[in-house]
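As a basis for the values below, the full set of heavy atoms in this structure was taken, side chains included, without hydrogen atoms, waters or symmetry mates. Since this is a predicted model, take the numbers as computed values, not measurements. Per chain, numbering begins at 1; letters A, B, ... match sequence-line order.
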Amino acid sequence: MSKKNKKTRQAAVASAAEAGGTLAATAAATAPVAHAAPERASAFAYAPAPESRAVVDIAPSYGLFIDGEFTEAADGRVFKTVSPATEEVLSEVAQAGEADVDRAVKAARKAFGVWSALPGAERAKYLFRIARIIQERSRELAVLETLDNGKPIRETRDADLPLVAAHFFYYAGWADKLDHAGYGAHPRPLGVAGQVIPWNFPLLMLAWKIAPALATGNTVVLKPAETTPLSALFFADVCRRAGLPRGVVNILPGYGDAGAALVAHPDVDKVAFTGSTAVGKQIARTVAGTRKKLTLELGGKGANIVFDDAPIDQAVEGVVNGIFFNQGQVCCAGSRLLVQESIHDELLDSLKRRLSTLRLGDPLDKNTDIGAINSAEQLARITSLVEQGEAEGAERWSAPCELPGNGYWFAPTLFTGVTQAHTVARDEIFGPVLSVLTFRTPDEAVAKANNTPYGLSAGIWTEKGSRILAVANRLRAGVVWSNTFNKFDPTSPFGGYKESGFGREGGRHGLEAYLDV
Amino acid sequence: MSSTAPTSPQPSPTPERAGAPAALSDVTASDGALRRFLHGLPGVDAVGLEARAASLGTRSIKTTAKAYAIDLAISMVDLTTLEGADTPGKVRALGAKAVRPDPTDRTAPATAAVCVYPDMVAAAKEAVAGSAVKVASVATAFPAGRAPLAVKLADVREAVAAGADEIDMVIDRGAFLAGNYRKVFDEITAVKEACGASARLKVIFETGELSTYDNIRRASWLGMLAGADFIKTSTGKVAVNATPANTLLMLEAVRDFRAQTGVQVGVKPAGGIRTTKDAVKFLVLVNETVGEDWLDNHWFRFGASSLLNDLLMQRQKLATGRYSGPDYVTVD
């Protein structure tokens with residue numbers, strides 16, 4: 001900082017001190033004072049701190065991973081996957097069709113005999129090896145995930161990748177202890193699991209699906225989402241390096257038709273799906289009347305309930321983390337803020353101030369808080385729901401931030417004056433949009449929180465322990481967080497009530513979905 | 001003039017703010033009102049607070065931003081020596097270092113202040129004469145604060161008379177932990193009065209002894225209500241001193257206090273901050289919690305002794321591309 005500049009700063013400080021003194025003398029001094037000198041240029045601007053792209057080597061094209069080999073699609077179709085932050089084409093990927101699904105299921109069926117016959121301790125060795133390779137390659141995989149998905153490197157580095165490795169470690173530990181999991185002696189695997197996962201946490205959802213399936217002795221055919229196939233294909237390489245027997249894991253990048261074919265395939269014993277409620281219902285219809293076992297993890301409209309005795313600063317952090325983590329593209333997002341009316345204004349002021357400090361931009365920059373929306377399609381859906389919210393009379397506020405010219409972006413947004421009747425309070429937006437509602441009593445809070453077709457997550461913010469227990473017992477949600485939000489751990493079961501699906505993933509409970517019990 | 005709210009029991013004659021600001025004068029009217037107010041402040045969730053501080057600690061401050069942060073941090077250092085073995089010679093060396101931290105590079109900014117015991121104030125004053133560097137003095141029977149009020153006040157008056165620009169007082173932690181908030185409040189206002197118009201008052205809570213975050217928030221408000229110009233974490237003499245979490249909490253307190261009263265109060269983490277990396281993390285906390293209004297040594301300080309040399313070494317490294325090592329900065 002130059003000497004001249006320093007002088008200006010001190011002058012500004014002196015006048016600010018005077019302003020402070022004067023205001024203290026006036027009785028009605030409630031409004032914040034503008035102490036900052038407008039000419040102060042040397043703000044603490046963070047220089048760009050991009051994570052290097054060089055740590056990941058993306059091939060120009062990828063095949064399907066069937067029976068331990070990368071192969072082209074039977075009909076030769078391919079699709080492009082782009083970086084949502086820049087719209088740059090990252091790679092061209094083979095697109096699975098019905099014939100490929102059949103080939104993959106056959107490979108998985110062939111592998112099932114040998115794999116399920118291995119002692120649990122032997123299967124565990126492979127899973128531990130996979131977990132270690134993921135840890136060793138976590139920087140590479142984090143950069144890859146950020147490129148393909150658009151989420152900030154801070155999240156892939158600090159949340160996604162550590163959790164992915166933790167899931168494999170956790171279920172590796174179960175593989176030789178299944179007799180003691182509470183499902184009887186020698187619980188048997190189901191066979192071939194057909195798994196369809198979404199684009200919001202591509203590698204983490206893969207881990208949630210594949211780790212328990214392999215630990216229990218099943219083999220897997222997994223279809224990643226069409227906008228985020230790359231990390232699953234890198235995982236195929238991890239499996240090869242871990243020496244996993246051929247056909248135990250098969251990866252089929254593709255669109256909804258491939259997913260539908262996989263779910264409908266007669267030789268699939270178990271279907272696991274994470275995604276939208278609409279597709280979940282379709283899958284339930286397809287599977288109905290067959291021997292297939294099904295778990296669905298679907299949408300949500302989580303309520304974050306803030307009582308007037310909450311730790312306010314931490315509640316604000318929790319609300320921000322609840323809805324703006326991963327640009328709000330989280331099925332268990334706390335997309336409805338239920339705030340006690342007596343602290344509504346105070347909380348909203350704090351929330352807006354905090355949202356104004358969020359840093360939106362290049363997802364590879366280590367200081368970015370908010371990355372890109374995953375696809376043009378998703379951006380269009382968010383935009384249309386937000387427009388509907390405005391048309392229905394809810395008051396919109398968006399954080400002041402500049403959106404990049406290329407790519408798919410949406411500024412952190414909140415709606416106030418929202419009632420249960422508004423679309424933005426009922427429909428899952430799956431984007432960085434928070435609807436703010438108020439309540440007066442705990443009963444009303446519970447009633448409003450439960451008044452949704454979904455039931456995946458909820459949060460309670462209060463310093464009063466007895467209230468946490470009382471309210472949590474009455475919430476119809478698969479996960480209830482208290483004084484925190486979006487905390488995940490492989491030991492904890494996760495899943496929904498009502499239209500948020502059924503079955504649990506994670507923890508001891510997550511084993512049940514892959515065992516013949 | 002600002003403090004003579006009608007309910008204030010002891011109107012203060014000091015021209016600077018003393019006692020509670022008008023907007024909050026009723027909460028300090030009685031022991032009961034003060035207790036109700038402090039216990040009515042929102043609670044602090046320890047896990048959430050520490051998670052937020054840790055997450056801000058992952059900010060990556062590089063190149064130009066790092067250069068800015070290093071210079072800013074140097075300008076915020078209260079270069080401190082608080083030892084039984086302090087001598088005028090030691091204090092002179094410290095003063096010279098504060099005025100010109102890097103003798104090989106005149107563009108390095110001076111530190112904010114030197115911080116010494118009251119009997120060294122005169123020597124310190126002489127050592128920094130002619131510069132903008134302030135002299136801060138710990139007083140009020142630092143660090144324990146276990147002395148009669150009259151002794152504490154005499155301690156303060158001596159330091160001020162010797163020319164101290166700033167007084168770093170310790171609160172009576174015993175009284176605070178016993179719930180005797182009014183006693184702590186009265187002591188701070190008395191010390192503030194003893195500081196007179198010329199000296200700014202930093203109030204040290206010794207957060208390591210207050211132990212809980214709820215207590216730290218209450219102490220912050222208590223100190224600000226009583227007229228602190230700065231709130232300061234610790235003496236550097238106990239096991240736990242400044243941490244990112246307790247500093248974040250105090251930053252939230254000064255932010256909320258200004259929003260409610262219009263009065264801006266400074267923050268000084270002290271003790272345990274030794275590296276540039278640590279200092280930059282604290283500046284990130286300031287930047288993203290209270291913003292640039294506090295990014296100035298009038299409002300934010302580091303109480304530290306060994307931090308300065310690390311800042312200077314990193315500054316040299318940034319300027320020359322080479323890391324020269326501890327023999328190329330002065331050791332006093």
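Interface remark: B:L283 contributes backbone and side-chain atoms alike to the contact with chain A (heavy atom separation under 4.5 Å). Using a 4.5 Å cut-off between heavy atoms, B:R52 contacts chain A through its side chain alone, with no backbone atom that close. For A:N367, the parts sitting under 4.5 Å from any heavy atom of chain B are the backbone and the side chain alike. The contact between B:V284 and chain A is made by backbone and side chain atoms together, counting heavy-atom distances below 4.5 Å. Heavy-atom distances place the backbone of A:A310, and not its side chain, under 4.5 Å from chain B. Within the 4.5 angstrom heavy-atom criterion, no atom of A:D365 approaches chain B.
Among the residues in residues 36-43 of chain B, those with a non-hydrogen atom closer than 4.5 angstrom to a non-hydrogen atom of chain A are B:P42, B:G43. Against chain A, the residues from residues 244-253 of chain B that qualify, each with a non-hydrogen atom under 4.5 angstrom away, are B:E252 in number order.
Atoms CG and OG1, on B:D45 and A:T462 in that order, are 11.0 Å from each other to the nearest 0.5 Å.
In this structure, A:R139 places its CZ atom where only 12 or fewer heavy-atom neighbours from other residues, nucleotides or ligands lie under 6.0 Å away. More than 12 heavy atoms of other residues, nucleotides or ligands shown are found within 6.0 angstrom of CZ on A:R467.
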Begin from the C-alpha positions of A:D158 and B:T58 and carry the test side chain to side chain contact (heavy atoms under 4.5 Å, CB included) through to its verdict.
CA-CA 10 Å; A:D158 297 344; B:T58 68; 4.3 Å; yes

Stepwise side chain to side chain contact (heavy atoms under 4.5 Å, CB included) test for B:T289 and A:R354:
CA-CA 8 Å; B:T289 310; A:R354 175 71 179 87; over 6 Å; no

Dump the intermediate steps for side chain to side chain contact (heavy atoms under 4.5 Å, CB included) on B:I61 and A:F44, then the final yes or no.
CA-CA 10 Å; B:I61 305 301; A:F44 191 5; 4.0 Å; yes

Take A:Q314 and B:L49, measure what side chain to side chain contact (heavy atoms under 4.5 Å, CB included) needs, and give me the verdict at the end.
CA-CA 6 Å; A:Q314 288 74 48; B:L49 176 72; 3.7 Å; yes

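Scanning all heavy atoms of the two residues, the minimum distance from A:A45 to B:A65 falls at O-CB, 3.4 Å. In terms of heavy atoms, A:E463 sits closest to B:V44 at OE1-N, 4.1 Å. Considering every non-hydrogen atom in both A:A47 and B:T63, the closest pair reads CB-OG1, 3.2 Å.
Every residue two or more places apart in sequence or in another chain that forms a salt bridge (charged side-chain N to carboxylate O under 4.0 Å, His left out) with A:R154 is listed here: A:D369. Here A:W481 pairs with A:F485, A:F488 under the ring-ring contact (aromatic ring centres under 6.0 Å, His included) rule; sequence neighbours left out.
Ranked by non-hydrogen atom pairs under 4.5 Å with chain B, the options A:R353, A:R157, A:K366 are led by A:R353.
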